[in-house]
Amino acid sequence: MEKKEALYEGKAKIVYSTDDEDLIIQYFKDDATAFNALKKGTIIGKGVVNNEVSSKLFELLKENGIPTHFVKILSEREMLCLSLEIIPIEVVMRNVVAGSLSKRTGLAEGYVLKRPVLEYYLKDDDLGDPLINCSHIEVLELVEKDTLDKVSGYAQKINGILKTYFDKRDLTLVDFKLEFGLHKGVVYLGDEISPDTCRLWDKETGAKMDKDRFRRDLGNVEEAYKEVLKRVCG
Ligand code: TMP
Ligand code: ASP
């Protein structure tokens, strides 16, 4: 597999083309941003943790029948993936109130939801990724109805699989963000699943073990990422 030119550089990853047009390489950086890149920093070793944690979780999901873009891990910071046409919707699943749901509803952070909540955000940095609903998705023609049904079905199934997996590792899966894409007309889970894109709280102490430590200046950011790696992959 030959790595070719950078196709796209995002806030946390660089995507490279390869000599196979069906495959791309995701390179995980240590760069961290929050609040639509108003806050910038570095979390040393984050790229390695996110690559390894994502690879492990994609394998777990694949074993459980979820189609993912993950092909194989190539190096500490690189993963080989199917090339996807990304659907411009960020799918958030929530089990416990935190972050923007707390702000939007006034419910206290930590309130356990009686059912998982599924939300859609428009993937558009210039607009600050606003919350949208099914009606917006339909009118804006962001994706076909049957594809959206598949995406929401997968998101709910993924939540069940990951919640159980993290729970066995003494972590509460509070919420997380997913991105999906199409390859030859088939829907696949894309992007990453990592402490950047999930809220994970220690089951015993409630300590935050994810990017909120960076967003909210809580300290011990690198330590939290390493601990998640240990619990997920160790
Ligand atoms: P929120 O409470 O800020 O809306 O975040 C919900 C979940 O989505 C949380 O697990 C963090 C994740 N997330 C991302 O992965 N990328 C983002 O840009 C944002 C805002 C949240
Ligand atoms: N993706 C967000 C940003 O734009 C970061 C976050 O809150 O996760 O900076």
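Numbering starts at 1 and runs along the sequence shown. The analysis underlying the following values was restricted to heavy atoms, covering all of them including side chains, and did not include hydrogens, waters or symmetry mates. What you are looking at is a predicted structure, and each value in this text was computed from that prediction instead of being measured. All ligand and atom numbering here is 1-based and tracks the order in the structure.
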Open item on the list: Donor-acceptor check, side chain of Thr197 to backbone of Ser194, threshold 3.5 angstrom: yes or no?
Closed with: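 Side chain of Thr197 to backbone of Ser194: a pair is present.
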Open item on the list: Tell me if a side-chain donor or acceptor on His183 pairs with a main-chain N or O of Ser83 at a distance below 3.5 Å.
Closed with: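 Yes: the side chain of His183 pairs with the backbone of Ser83.
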Open item on the list: Is there a side-chain contact between Val91 and Ile87 in this structure, where contact means two heavy atoms from C-beta onward sitting under 4.5 Å apart?
Closed with: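 A side-chain contact is absent here, since even the closest heavy-atom pair is not under 4.5 Å.
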Task: Val53 vs Ile193 side-chain heavy atoms within contact, under 4.5 Å - done: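 In short, these two side chains do not touch, never coming nearer than 4.5 Å.
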Task: Within 6.0 Å of NZ in Lys226, more than 12 heavy atoms from elsewhere - done: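 No.
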Open item on the list: Other residues, nucleotides and ligands only: do more than 12 of their heavy atoms fall within 6.0 Å of CD on Glu138?
Closed with: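 Counting other residues, nucleotides and ligands, CD of Glu138 stays at 12 neighbours or fewer.
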Task: Residues lining ligand 2 [heavy-atom distance under 4.0 Å, listed by chain and residue number] - done: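 These residues qualify: Lys11, Thr33, Ala34, Phe35, Asn36, Ala37, Lys211, Arg215.
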TODO: Test Asn95 against every option in Asp175, Thr172, Asn159 by the side-chain hydrogen bond (donor to acceptor under 3.5 Å, both in side chains) rule and name the one that passes.
DONE: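 Option passing the side-chain hydrogen bond (donor to acceptor under 3.5 Å, both in side chains) with Asn95: Asn159.
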Task: Residue list, side chain to side chain donor-acceptor pair (under 3.5 Å) with Thr68, at least two apart or on another chain - done: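 Listed in chain order: nothing, the list is empty.
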Side-chain donor/acceptor pairs under 3.5 Å, residues 112-121, sequence neighbours excluded:
unit_1: Glu119; atom_1: OE1; unit_2: Arg94; atom_2: NE; d: 2.9
unit_1: Glu119; atom_1: OE1; unit_2: Arg94; atom_2: NH2; d: 3.1
unit_1: Glu119; atom_1: OE1; unit_2: Tyr121; atom_2: OH; d: 2.6
unit_1: Glu119; atom_1: OE2; unit_2: Arg94; atom_2: NE; d: 3.3
unit_1: Glu119; atom_1: OE2; unit_2: Arg104; atom_2: NH1; d: 3.0
unit_1: Tyr121; atom_1: OH; unit_2: Arg94; atom_2: NH2; d: 3.2
unit_1: Tyr121; atom_1: OH; unit_2: Ser100; atom_2: OG; d: 3.4
unit_1: Tyr121; atom_1: OH; unit_2: Arg104; atom_2: NH2; d: 2.8

TODO: Write out the protein residues near ligand 1, meaning a non-hydrogen atom under 4.0 Å from one of its atoms, in order of chain and number.
DONE: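 The answer is Val92, Arg94, Ala98, Gly99, Ser100, Tyr121, Asp175, Phe176, Lys177, Asp196, Thr197, Cys198, Arg199, Arg215, counting any residue whose heavy atom sits under 4.0 Å from ligand 1.
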